[in-house]
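Written below as structure tokens is the structure these notes are about.
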Amino acid sequence: MPTALQRHPFLTLSLFLVPTAVWGVLFSVGKLLSAELPPFTATLARYGVAALVLVPLAWRDLRALKLREVPFLILLGGLGGILFNGFVFVGLRMAPAGDAVLAPATVPLITTLMSSLWLGLRPGRERIASLGVSVLGLGVVLSSALNAQAGIARGVGDLMHLGAAVAWSAYLLLNARVASRYAPRLLAAMTALVGGLGALPIAWLEGGLPRFASLSLAGWLEVGYLSLIGSVVAFMLWGAGIRQMGAAKAATFMNLVPLWGLAGSIAILHESLGWMQLAGIILVLLGVFGGSLPTRVRPVPMNKRATAA
């Protein structure tokens, strides 16, 4: 008997559309929270609360971990939890939330470059052309930021977002090595646990821990969104979507995150985009979209096949 998801294909699509929208809006919510909490204190708040939910869900998997596997998972948690969020929150204090879409938008570009350097995987011509368009778009965005009124600060903020993209790209490449061996809930729980514990001493050093005592109701709601909605609910929906449609189709939906991010910055924060910034982001997204298209394989004529044989 077909399930509800099989009878209503839109429900299956919503398993991807809702998480990408949630993750896109995270940048605007993070921008609001950055007004009350320093960067790594905000990281502690996000993953500390998420760990309280995810660790019990993955407790059996955590107990079954072998000691020799723990350092690698801690490295993953450090990249995806501490560094990625730390860079994002630092960038949000210095640049508009609309600029933060550079982080998800440039992940495909940086992942391809890392794969080429680390794994020796050579991208095809179409992929190289798409990456070139993205690089051009990045140059336009950074140039427009440096020419803006808040010039240097905004430019540094955009570089922080690129640092977040580097951290997340490294996380994805390393995660691919163990994704088949571990349950997704275990990887999410380790990211939250390491992200929360790792951010704790840095939050203390930046003097952010006393800020929790005076955090406004809006601030706690923002923490709830980042941790419970962004790190738990969206993750569960995304995992259900992958089980229904597969990881390959899920990857194409990630291209929507920058678009949701721009929409959130305009709708929630009422940010405006300059024409150069908008043009640069469009170039980045065009490059990402082009790089996500399947490579066309030209059929070999029968006579050439016979000659080769």
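- Remark: side-chain polar atoms of Glu69 are paired, donor with acceptor, to backbone N or O of Lys66 under 3.5 angstrom.
- Counting only heavy atoms from C-beta outward, the side chains of Phe16 and Leu237 never approach each other to under 4.5 Å.
- Between Leu54 and Ala188, the shortest heavy-atom contact is CD1-O, 3.8 Å.
- Contact annotation: the side chain of Val22 approaches that of Tyr225 to within less than 4.5 Å [non-hydrogen atoms, C-beta and beyond].
- No continuous path of ILVMFWY side-chain contacts below 4.5 Å connects Val233 to Leu221, so the two sit in separate hydrophobic clusters.
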Practice prompt. For Val166 and Phe87, run side chain to side chain contact (heavy atoms under 4.5 Å, CB included): C-alpha distance rounded to whole Å, both residues' side-chain angles, the deciding distance at 0.1 Å, then the answer.
Written response: CA-CA 10 Å; Val166 171; Phe87 276 126; over 6 Å; no
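- In this structure, Ala167 and Phe84 approach most closely via the heavy-atom pair CB-N, 4.0 Å.
- Not a single donor-acceptor pair under 3.5 Å links the side chain of Ser14 to the backbone N or O of Leu17.
- In this structure, the side chains of Leu65 and Leu186 come closer than 4.5 Å at one or more pairs of heavy atoms.
- Enclosure of atom CH2 in Trp260 is not indicated, since only 12 or fewer non-hydrogen atoms of other residues, nucleotides or ligands lie within 6.0 angstrom.
- Residues Lys31 and Val88 form no side-chain contact, since every pair of their non-hydrogen atoms from C-beta on lies 4.5 Å or further apart.
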Practice prompt. Report the C-alpha separation of Thr43 and Ile202 in whole Å, then their side-chain angles, then the decisive distance to 0.1 Å, and conclude whether the side chain to side chain contact (heavy atoms under 4.5 Å, CB included) test is met.
Written response: CA-CA 10 Å; Thr43 301; Ile202 308 176; over 6 Å; no
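- The hydrophobic clustering, which links ILVMFWY residues whose side-chain heavy atoms are closer than 4.5 Å, places Leu52 and Leu62 apart.
- With hydrogens and angles disregarded, no donor-acceptor distance shorter than 3.5 Å links the side chain of Ser231 to the backbone of Leu228.
- Taking all atoms of both residues into account, the shortest heavy-atom contact from Trp23 to Ala234 is NE1-CB, 3.6 Å.
- The shortest non-hydrogen separation linking Pro39 to Gly86 is CB-O, 4.2 Å.
- Rounding to the nearest 0.5 Å places CG of Leu79 at 12.5 Å from CD1 of Ile74.
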Distance-only donor-acceptor pairs under 3.5 Å for side chains of residues 189-201, two or more places apart:
| residue | atom | partner | partner atom | Å |
| --- | --- | --- | --- | --- |
| Thr191 | OG1 | Tyr171 | OH | 3.4 |
| Thr191 | OG1 | Leu187 | O | 2.9 |

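- Side chains of Thr41 and Arg211: a donor-acceptor N/O pair is absent below 3.5 angstrom, by distance only.
- Taking every heavy atom of both residues into account, His161 and Pro96 meet most closely at CE1-O, 4.4 Å.
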Discussion item. I'd like to know whether Leu209 forms a side chain to side chain contact (heavy atoms under 4.5 Å, CB included) with Leu44, so could you lay out the CA-CA distance, the side-chain angles of the two residues, the decisive distance to 0.1 Å, and finally the verdict.
Written reply: CA-CA 9 Å; Leu209 297 182; Leu44 167 65; 3.6 Å; yes
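- Here CG of Leu269 is found 4.5 Å from OG of Ser28. Values are rounded to the nearest 0.5 Å.
- The backbone N or O of Gly30 lies less than 3.5 Å from no partner atom in the side chain of Glu222, so there is not a single donor-acceptor pair.
- Leu57 and Arg185 get closest at one heavy-atom pair: O-CD, 3.7 Å.
- Atoms CE and CG, from Met160 and Asp158 in turn, are 10.0 Å apart once rounded to the nearest 0.5 Å.
- Remark: the Tyr47 side chain and the Asn85 side chain contain an N/O donor-acceptor pair separated by less than 3.5 Å.
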Fill in: Test log, rule side chain to side chain contact (heavy atoms under 4.5 Å, CB included), inputs Leu83 and Trp168
CA-CA 8 Å; Leu83 290 182; Trp168 191 252; over 6 Å; no
